[in-house]
A.B. asks: 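This is the structure I want to talk about, given as structure tokens.
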Amino acid sequence: SHRPKLKCPFEKEHLDALRVISKNQRGRPSWWVQVVPNKFPAFTGGACPPVQNSGPYQWLDGIGHHEVIVTRDHKRNIAQMSAEETALILQAMQERYALAAKDECIKYISIFQNHGKTAGASISHPHFQLMAIPVIPPDISRSINGSNRYYDENRKCVHCAMLEYSRQDRQRIVYENEQFLAEAPFASKTAFEIKIFPKVHSPHFEIIDMEERKFLADCL
């Protein structure tokens, strides 16, 4: 159930906002997306932590960045927004991603949304979270290592090869536009899993331009 707007902490423009992006609403500019520090961060800023050893185990202090990306609308999610509205959200994500990536300690950045109470969302107002941490999660490491192995064996990007096959096979494509394609994986890890790829070899989400953002927003 939705928390009433009057009691929602995400309804106001926060004075400690790290970034605010506005759009014209009813002829005057109003904030559309704002990035705020997480009130209960899983990771906090600080000096890059040294690796600690405990017997056969290694560990690090929880140093990193944890931010919340809040959209203006109290109920609408991306699926109900226009591509132009979603593109502004993507712009905020790109800017915060690029800034976190400048931290030499950061090795991995994740932007995600918990949708609904069973997914862990404590506030119904649509919002995303950005986490930047000093380690690469095992699943991501395995994916990167697998991509490197494929390239060493075939001298070709594995994602480009998958897209080439998908566009020939036409069995798993969910949606595509001029620049992006959404497909069901050949072997999904979870129900309803969908992956979105740029149609050209473009590995850096944080530097795609305004035109590309519109096409990505449409695909999302």
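Since the structure is predicted, the reported quantities are computational estimates derived from the model, not experimental observations.
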A.B. asks: I'd like to know if Ile78 and Ile196 are part of one continuous hydrophobic network [Ile/Leu/Val/Met/Phe/Trp/Tyr, side-chain heavy atoms within less than 4.5 Å].
C.D. replies: yes
A.B. asks: Only counting residues at least two apart or in another chain, list the ones meeting salt bridge (charged side-chain N to carboxylate O under 4.0 Å, His left out) with Asp16.
C.D. replies: none
A.B. asks: Under 4.5 Å between side-chain heavy atoms, counting indirect links through other Ile/Leu/Val/Met/Phe/Trp/Tyr residues: same cluster for Met93 and Leu99 or not?
C.D. replies: no
A.B. asks: Is the shortest side-chain N to carboxylate O distance from Glu85 to Lys23 below 4.0 Å?
C.D. replies: yes
A.B. asks: Where the side chain of His14 meets the backbone of Pro37, is there a donor-acceptor pair that is under 3.5 Å apart?
C.D. replies: no
A.B. asks: About how many Å separate CZ of Phe186 and OG of Ser166, when rounded to the nearest 0.5 Å?
C.D. replies: 9.5 Å
A.B. asks: I'd like to know whether the aromatic ring centres of Phe10 and His127 sit less than 6.0 Å apart in this structure.
C.D. replies: yes
A.B. asks: What are the two closest heavy atoms between Ser188 and Pro185, and how far apart are they?
C.D. replies: OG-CD, 3.5 Å
A.B. asks: Judged by atom type as modelled, is there a donor-acceptor pair below 3.5 Å linking the side chain of Asn38 to the main-chain atoms of Phe40?
C.D. replies: yes
A.B. asks: Any salt bridge between Arg213 and Glu84, counting N to O under 4.0 Å?
C.D. replies: no
A.B. asks: Measuring from atom CD1 of Ile89 to atom CH2 of Trp32, what distance do you get when rounded to the nearest 0.5 angstrom?
C.D. replies: 6.0 Å
A.B. asks: Check this for me: Phe112, atom CZ, are more than 12 non-hydrogen atoms of other residues, nucleotides or ligands nearer than 6.0 Å?
C.D. replies: yes
A.B. asks: Begin with the C-alpha distance, continue with both residues' side-chain angles, and end with the deciding distance and a verdict on side chain to side chain contact (heavy atoms under 4.5 Å, CB included) for Tyr175 and Ile194.
C.D. replies: CA-CA 10 Å; Tyr175 180 76; Ile194 297 173; over 6 Å; no
A.B. asks: Quick one: does Asn145's side chain have a donor or acceptor within less than 3.5 Å of a partner on Ser141's backbone?
C.D. replies: yes
A.B. asks: Does the side chain of Val70 reach to within under 4.5 Å of the side chain of Val33, using non-hydrogen atoms?
C.D. replies: no
A.B. asks: Just wondering, do Arg19 and Gln34 contact through their side chains at under 4.5 Å, heavy atoms?
C.D. replies: no
A.B. asks: Taking atom CD of Gln91 and atom CD1 of Ile208, what is their separation to the nearest 0.5 Å?
C.D. replies: 11.0 Å
A.B. asks: Using atom types as modelled and distance alone, determine if a side-chain donor or acceptor of Gln129 lies under 3.5 Å from a backbone N or O of Ile69.
C.D. replies: no
A.B. asks: Donor-acceptor pair, His66 side chain versus Met131 backbone, under 3.5 Å?
C.D. replies: no
A.B. asks: Indicate yes or no: at least one non-hydrogen side-chain atom of Tyr151 is less than 4.5 angstrom from one of Arg155.
C.D. replies: yes
A.B. asks: Same hydrophobic cluster for Leu130 and Leu220, using side-chain heavy-atom links shorter than 4.5 Å among ILVMFWY?
C.D. replies: yes
A.B. asks: Atom CG of Leu60 and atom CZ of Phe43: how far apart are they, to the nearest 0.5 Å?
C.D. replies: 10.5 Å
A.B. asks: Looking at every non-hydrogen atom in both residues, tell me the closest pair between Glu95 and Ile21 and how far apart they are.
C.D. replies: OE1-CD1, 4.5 Å
A.B. asks: Does Ile106 reach the side chain of Ile133, with side-chain heavy atoms less than 4.5 Å apart?
C.D. replies: no
A.B. asks: Please check: side-chain N/O of Glu193 versus main-chain N/O of Lys189, any donor-acceptor pairing under 3.5 Å?
C.D. replies: yes
A.B. asks: Run the side chain to side chain contact (heavy atoms under 4.5 Å, CB included) check on Met81 and Arg76 step by step: do they pass?
C.D. replies: CA-CA 7 Å; Met81 294 178 185; Arg76 284 190 302 148; 4.1 Å; yes
A.B. asks: Partners of Glu178 by side chain to side chain donor-acceptor pair (under 3.5 Å), sequence neighbours excluded?
C.D. replies: none
A.B. asks: Quick one: closest heavy-atom pair of Ile173 and Arg167, and the distance?
C.D. replies: CD1-CA, 4.1 Å
A.B. asks: Could you walk me through whether Lys107 and Val135 satisfy the side chain to side chain contact (heavy atoms under 4.5 Å, CB included) test, starting with their C-alpha distance in whole Å, then the side-chain angles of each, then the deciding distance to 0.1 Å, before giving a yes or no?
C.D. replies: CA-CA 5 Å; Lys107 299 292 188 292; Val135 295; 5.8 Å; no
A.B. asks: Give the cluster check for Ile111 versus Ile207: same hydrophobic cluster or not, with ILVMFWY residues linked at side-chain heavy-atom distances below 4.5 Å.
C.D. replies: no
A.B. asks: I need the Asn24 CG to Ser30 OG distance, nearest 0.5 Å.
C.D. replies: 9.5 Å
A.B. asks: Could you please spell out the steps behind the side chain to side chain contact (heavy atoms under 4.5 Å, CB included) verdict for His65 and Asp103?
C.D. replies: CA-CA 10 Å; His65 307 276; Asp103 187 333; 3.1 Å; yes
A.B. asks: Using modelled atom types only, decide if a donor and an acceptor are shared between the side chain of Asn154 and the backbone of Tyr150 within a distance under 3.5 Å.
C.D. replies: yes
A.B. asks: Hey, are Glu183 and Lys195 close enough for a salt bridge, meaning a charged N less than 4.0 Å from a carboxylate O?
C.D. replies: no
A.B. asks: Which pair of heavy atoms, one from Ala217 and one from Ala83, lies closest together, and at what distance?
C.D. replies: CB-O, 3.3 Å
A.B. asks: Say you draw a straight line from CG of Leu163 to CZ of Phe197; how long is it, rounded to the nearest 0.5 Å?
C.D. replies: 5.5 Å
A.B. asks: Is a salt bridge present between Arg72 and Glu13, judged by a nitrogen-to-oxygen distance below 4.0 Å?
C.D. replies: no
A.B. asks: Quick one about Asn77 and Gln113 (side-chain donor to acceptor, distance below 3.5 Å, no hydrogens or angles considered), yes or no?
C.D. replies: yes
A.B. asks: Taking the side chain as C-beta and beyond, is there a heavy-atom pair between Val200 and Phe180 under 4.5 Å?
C.D. replies: no
A.B. asks: Judged by atom type as modelled, is there a donor-acceptor pair below 3.5 Å linking the side chain of His159 to the main-chain atoms of Pro203?
C.D. replies: no
A.B. asks: Tyr97 vs Phe205 aromatic rings, parallel, tilted or perpendicular, using cut-offs 30° and 60°?
C.D. replies: perpendicular
A.B. asks: Looking only at heavy atoms, what is the nearest atom pair of Ile109 and Ala100, with distance?
C.D. replies: CD1-CB, 3.9 Å
A.B. asks: State, to 0.1 Å, how close Pro126 and His74 come at their nearest heavy-atom pair, and which atoms those are.
C.D. replies: CD-O, 3.3 Å
A.B. asks: Looking only at atom types and distance, does a side-chain atom of Asp61 sit under 3.5 Å from a main-chain N or O of Ile63, one as donor and one as acceptor?
C.D. replies: no
A.B. asks: Look at the side chain of Glu11 and the backbone N and O of Cys8, then say whether any donor-acceptor pair between them is shorter than 3.5 Å.
C.D. replies: no
A.B. asks: Check the pair Glu176 / Arg170 against salt bridge (Lys or Arg N to Asp or Glu O under 4.0 Å), numbers first and verdict last.
C.D. replies: CA-CA 11 Å; Glu176 66 176 308; Arg170 308 300 300 182; 2.8 Å; yes
A.B. asks: Can a salt bridge be assigned to the pair Arg142 and Asp139 using a cut-off of 4.0 Å between side-chain N and carboxylate O?
C.D. replies: yes
A.B. asks: Please determine whether the number of non-hydrogen atoms from other residues, nucleotides or ligands lying under 6.0 Å from atom CD of Glu104 exceeds 12.
C.D. replies: no
A.B. asks: Under 4.5 Å between side-chain heavy atoms, counting indirect links through other Ile/Leu/Val/Met/Phe/Trp/Tyr residues: same cluster for Val68 and Ile123 or not?
C.D. replies: yes
